[in-house]
Structures are given as structure tokens and as C-alpha cells.
Amino acid sequence: MPSIRMLPLALVAFSSLAIAQSTQANKTAPIAATPPMGWNSWNWFAEKVTDQDVRQAADLLVSSGMRDAGYIYVDIDDTWEGDRDASGVLHANSKFPDMKALSAYVHSKGLRLGIYSSPGSKTCARFAGSLGHEQQDADLYASWGIDFLKYDLCSLHREMGEMAPNDKLKQDAIMREAYAKMHAAILKTGRPMVYSLCQYGHDSSWQWAAEVGGNMWRTTADIDPTFFRIAQIGREQAGLAKYAGPGHWNDPDMLEVGNGKLTLDEDRTHMGMWAMLAAPLLAGNNLSQLTPEITAILTNREVIAIDQDPLGKQAERIFAEGPIEIWSRPLADGSRALAIFNFGEDESFLRDINLHLEEAGVANGWRARDVWAAKDLGPIDDDYRFTLRRHASLLLRLSR
Ligand code: GLA
């Protein structure tokens, strides 16, 4: 059980996240003041997603307690698109018979609806993209009550190569202008929408994505539900903390917690790492197969409070030796989150590896809480000893 001393801290942090998220639709509130949280259809349903799946996901976000833990966006990914009519207006395909009704349903559950398009002529699954129809599409989304747009480079990558052959700088400018154009179109609708850039981190997307209006931007190619890929993406985020902050976040891609054949240690390491990274938390699993263990991982209030910390400072790596890494981030109440990862294939007793508290801005004697175990450890020293199973991690919250 959480101790009486630690609980208020977690609750204060969590309630400020709930307030920040619940007021996002308010025009005066900043968009994505904390990393957006929700569910996205792609990782599990991919091209098979239907209106029914999205409604069911909305129902399950509520009944599982995920909505109340902060997961409020329900994002339809690629393959909802149909044809454009004679006036260029895009219609949804037969899998989504009535987007307005779907939007009303999702909103009636206290959730928000997200949608997907591309700045190119085709999306990655070769459906209609928004090239040449940016304002028309933004207006359509606003008329449906859309709250979140994922804008995925897809065919523009090839098209910008054709527009400016052998000229990388010109291609880069075309791409940035395309993202800025949709941002301007969204603003013109007057409807607040989280603007999520999906550009896979080519040529350092983090350096320019906020300038073109991005509230979050992918820093990597696609995730998959293997620990190998999750660890690879997580470790590649080193050095990116300085680009993130309230309103604009690095996005190491959607969660695979509960998908594939991840062990519970791997699911916790994935979730904990994304929380350390102040990453958007978009669950990508089939919510109808939620187990109590997976629900507990996804809705762990203290882990979410680290992700959603209002200071918005993403973790940096402060130590790496082989498969062992230590990452830390400062939190708004003056405490620090510290994560020690074992990315290796064997259990490790961390021979001669200390916590590196000084690099984390922590003095010996600060008090530690083991977040996943929900256990206070008392005053801690740099030479605190513990063992990490294969692919496991220890997540600590340290305070004076
Ligand atoms: C790309 C994106 C994925 C998903 C698919 C849809 O691969 O990176 O997240 O949106 O397109 O086609």
C-alpha cells in the first residue's frame, strides 16, 4: 500500500494532470500542456479497424478505468478514408458510415476523437492524403468534432523527392512547409486539435517540428511488440530531452503494452521508460483483451504522474555500461525520477554499479520510493544494492 507520506505527492501530481487534460479543449488552455494520453487503433487493429472497434475502445477506456487515469484521446489511425467527391470533399469509407455520429458517441463518454492523414497525396496504407486539400480536410475534421490529428509523411517523402530531385535542402523545406500548412489550416478552423507529426525522425525531426506547430512528433520509425524494438527505440532517445516541454513532445511511438508476447517485466520497462521520456501515452493494445495485470500497468497512477509531471522535463541518460542504463528526470515538486534498466538477456546484480545520484541531482540520504512496488525504501545512498531480472527495471522517485 502507498504510505501516507508519499500518497499526497502522487495525488497532487495526478490531479494537476487531470486538470491540464480536461481543460485542453478550452480555447484559452494550452494544447498538450502534458503529453497527450489515449488509445490509437493502429498497433493492434491496423487496416481492419472499424467504427464498431472504435466505439468498443471508447467503452472499454471508461469501464477499465483508463479514461479516469488520463487516457482521453481515441485515435482512428489510417484506413478510414474513402473517396473525394466532385467538390474535393473527402468521405469516410464503408467501415466508418457516420463520422459525426461516431464523434458524438466518443464525446458522450467524456473522451476526445483523433484522426489521421498525410501531407502527401497518399497515406502509408495508400488511402487519400491531404495534399492540395489541406483546408478542406481541416474544415471537415472540425465539422466532425475532431480533437487530434496525426499527420503522417507517407507518400510526401517520395513526392518531395520528385519535386526537388537531388536537392535535400529544398526537399526538407517542402516537407516543413507541408506540415506548417496543415497547422495553419487547423488554426483557421478555430477548433483546438492536438497536432501530431509522424515523420519517423528522419533528419532530426525534433529540431524543427515545434516550429511548424507540432504538439508531438515521432522520433523513430515504427515500433513493434518485441522487447528488442522497444529497447532500441527507448535507448535512441538519449540527447533529445532539450527539445521537449509543455505543448511540444518527443514521441517515441505508441505503446505496445499488452500486445505481442511481452513479459510483465518487459511491459513495465516499456511503460516506465515512456514515462521517464515524458512520451505521449497512446495505448495500442486490444482493450477487449485487457488482463488485470496489464490494466494495472497502464493505469499505475504514480508512473503516470511521472509521465505527466507538469514541469515537462524529459529524462536523460546519466549512465550506461553494457546493458545497464540509468536515466533521470527532475519533477515539478523538486523530487527526481530515476530509472535503472537492464536491457540485457541475463539477470544482473549490478556489480560495482552505483545509482549515480549526484548526476541525477540527488544527495545521499534523500528518501526513495520504489514506484512499481509502491513501497517506501527510506533514505537511500549511492551504493544501494539490488538485482534486476532480464529486461527488468527499477523506477524510483527520490525526494528530500
Ligand atoms: C506509418 C506510421 C504508423 C501508422 C501507419 C499507418 O507506418 O508510422 O504509425 O500510422 O503508417 O499506415
Open item on the list: Check for me, please, whether W39 and M99 land in the same ILVMFWY cluster - side-chain distances under 4.5 Å, paths through other members count.
Closed with: yes

- [ ] Show the numbers, then the answer: is there a salt bridge (charged side-chain N to carboxylate O under 4.0 Å, His left out) between D253 and R229?
- [x] CA-CA 11 Å; D253 208 355; R229 182 68 184 132; over 6 Å; no

Open item on the list: Before you tell me yes or no, could you show the steps for R55 and D51 under salt bridge (charged side-chain N to carboxylate O under 4.0 Å, His left out), namely the whole-Å CA-CA distance, both residues' side-chain angles and the distance that decides it to 0.1 Å?
Closed with: CA-CA 6 Å; R55 284 170 192 256; D51 173 285; 2.7 Å; yes

Open item on the list: Would you say that W372 contacts M271 through its side chain, given a criterion of any heavy-atom pair below 4.5 Å between the two side chains?
Closed with: yes

Open item on the list: With a 3.5 Å distance limit and no angle check, can you tell me whether Y151 reaches the backbone of A178 through a side-chain donor-acceptor pair?
Closed with: no

TODO: Check T220 against P252 and note the closest heavy-atom contact, atom names and distance.
DONE: OG1-O, 3.9 Å

TODO: Look only at the side chain of D251 and the backbone of P280, and say whether a donor-acceptor pair between them is shorter than 3.5 Å.
DONE: no

Open item on the list: If I take atom CD from residue E256 and atom CZ from residue F227, how far apart are they, to the nearest 0.5 angstrom?
Closed with: 13.5 Å

Open item on the list: Within this structure, what is the CZ-OG distance for the pair R400 and S335, rounded to the nearest 0.5 Å?
Closed with: 10.0 Å

Open item on the list: Pair E159, S121 - check side-chain hydrogen bond (donor to acceptor under 3.5 Å, both in side chains), show working.
Closed with: CA-CA 8 Å; E159 287 154 351; S121 63; 2.3 Å; yes

Open item on the list: As an exercise, state the distance from CD1 of I186 to CD of Q135, rounded to the nearest 0.5 Å.
Closed with: 9.5 Å

Open item on the list: Donor-acceptor pair, distance only, cut-off 3.5 Å: does the side chain of R336 make one with the backbone of A360?
Closed with: yes

TODO: Look only at the side chain of H183 and the backbone of G214, and say whether a donor-acceptor pair between them is shorter than 3.5 Å.
DONE: no

- [ ] Would you sort out whether R176 and D172 count as a salt bridge (charged side-chain N to carboxylate O under 4.0 Å, His left out), showing the intermediate values?
- [x] CA-CA 6 Å; R176 282 186 282 133; D172 190 65; 3.0 Å; yes

Open item on the list: Can you tell me if D352 has over 12 outside heavy atoms packed within less than 6.0 Å of its CG?
Closed with: no

TODO: Please check if the side chain of T269 supplies one atom and the backbone of H391 the other of a donor-acceptor pair under 3.5 Å.
DONE: yes

- [ ] Flag the pair I230 / W274 as yes when at least one side-chain heavy-atom distance between them is below 4.5 Å, and no otherwise.
- [x] yes

- [ ] Report the C-alpha separation of D152 and Y200 in whole Å, then their side-chain angles, then the decisive distance to 0.1 Å, and conclude whether the side-chain hydrogen bond (donor to acceptor under 3.5 Å, both in side chains) test is met.
- [x] CA-CA 9 Å; D152 192 352; Y200 336 119; 2.6 Å; yes

Open item on the list: Is it the case that atom NZ in K181 sees more than 12 heavy atoms from other parts of the structure closer than 6.0 Å?
Closed with: no

Open item on the list: Is it the case that over 12 heavy atoms from other parts of the model lie below 6.0 angstrom from the CZ atom of R351?
Closed with: no

Task: Min side-chain heavy-atom separation V54-F96 under 4.5 Å - done: yes

Open item on the list: Between D137 and R84, does any NZ, NE, NH1 or NH2 come within less than 4.0 Å of an OD or OE carboxylate oxygen?
Closed with: yes

Task: Backbone of A278 reached by a side-chain donor or acceptor of Q314 within 3.5 Å - done: no

TODO: Determine the minimum heavy-atom distance between E316 and A241, stating which atoms define it.
DONE: OE2-N, 3.1 Å

Task: Hydrophobic cluster partners of F386 (side-chain heavy atoms under 4.5 Å) - done: I318, F319, I324, I326, L338, I340, L350, I353, L355, L357, V362, W366, L377, I380, Y384, L388, L394, L396, L398

Task: Salt-bridge criterion met for E325 and R235 (N-O under 4.0 Å) - done: yes

Task: Any residue meeting side-chain hydrogen bond (donor to acceptor under 3.5 Å, both in side chains) with H133, in chain and number order, not counting sequence neighbours - done: Q136

TODO: Check whether any side-chain heavy atom of Y71 sits under 4.5 Å from a side-chain heavy atom of S64, and report yes or no.
DONE: no

TODO: Evaluate the criterion side chain to side chain contact (heavy atoms under 4.5 Å, CB included) for residue pair I304 and E302; output intermediate values, then yes/no.
DONE: CA-CA 5 Å; I304 291 174; E302 294 184 46; over 6 Å; no

TODO: Could you tell me whether the side chain of F148 reaches within less than 4.5 Å of the side chain of M193, counting heavy atoms only?
DONE: no

TODO: Would you check if the side chain of N364 reaches a backbone N or O of D381 as a donor-acceptor pair within less than 3.5 Å?
DONE: no

Task: Validation row: M273, W327 side chains within 4.5 angstrom (heavy atoms) - done: yes

Task: N300 side chain to I297 backbone, donor-acceptor under 3.5 Å - done: no

TODO: Please round to the nearest 0.5 Å and tell me the distance separating atom CD of E47 and atom CH2 of W42.
DONE: 5.5 Å

Task: Steps toward side-chain hydrogen bond (donor to acceptor under 3.5 Å, both in side chains) verdict (T123, D78) - done: CA-CA 7 Å; T123 67; D78 203 354; 3.0 Å; yes

- [ ] Go through the steps to decide whether D265 and T263 satisfy the test side-chain hydrogen bond (donor to acceptor under 3.5 Å, both in side chains), and finish with yes or no.
- [x] CA-CA 5 Å; D265 277 339; T263 65; 5.2 Å; no

Open item on the list: Quick check on the hydrophobic clustering: are Y105 and L61 connected, directly or via other members, by side-chain heavy-atom contacts under 4.5 Å?
Closed with: no

- [ ] Report the C-alpha distance between W208 and W217 in whole Å, list the side-chain angles of each, state the deciding distance to 0.1 Å, and finish with yes or no for side chain to side chain contact (heavy atoms under 4.5 Å, CB included).
- [x] CA-CA 10 Å; W208 54 268; W217 50 84; over 6 Å; no

Open item on the list: Closer than 4.0 angstrom, basic N to acidic O: yes or no for K150 and D77?
Closed with: yes

Task: Residues, nucleotides or ligands: over 12 heavy atoms within 6.0 Å of D83 CG - done: no

- [ ] Working to the nearest 0.5 Å, report the span between CZ of R268 and OG of S393.
- [x] 8.5 Å

- [ ] Give a yes or no on whether Q289 atom CD has more than 12 heavy-atom contacts from other residues, nucleotides or ligands under 6.0 Å away.
- [x] yes

Task: Charged N-O contact under 4.0 Å between R369 and D376 - done: yes

Task: Minimal non-hydrogen separation, E134 against M182, with atom names - done: O-CE, 3.7 Å

TODO: Would you confirm whether R126, through its side chain, and S155, through its main-chain N or O, come within 3.5 Å as a donor-acceptor pair?
DONE: no

Open item on the list: Looking only at side-chain N and O atoms, does N250 offer a donor or acceptor that is under 3.5 Å from a partner on Q237?
Closed with: no

Open item on the list: Classify the ring geometry of Y141 against W80: parallel below 30°, tilted from 30° to 60°, perpendicular beyond 60°.
Closed with: perpendicular

TODO: Could you tell me whether E321 atom CD has more than 12 heavy atoms of other residues or ligands within 6.0 Å of it?
DONE: no

Task: Polar side-chain atom of D147 near backbone of L113 as donor-acceptor pair, under 3.5 Å - done: yes

Open item on the list: Would you say that M276 contacts L395 through its side chain, given a criterion of any heavy-atom pair below 4.5 Å between the two side chains?
Closed with: yes

- [ ] Compute whether any side-chain donor of one residue and acceptor of the other, for T34 and Q308, lie under 3.5 angstrom apart.
- [x] yes

Open item on the list: Test salt bridge (charged side-chain N to carboxylate O under 4.0 Å, His left out) on E162 and R158; report intermediate values, then the result.
Closed with: CA-CA 6 Å; E162 290 162 4; R158 175 178 45 78; 3.3 Å; yes

Open item on the list: Are K95 and I76 packed together at the side-chain level, in the sense that at least one heavy-atom pair is separated by less than 4.5 angstrom?
Closed with: no

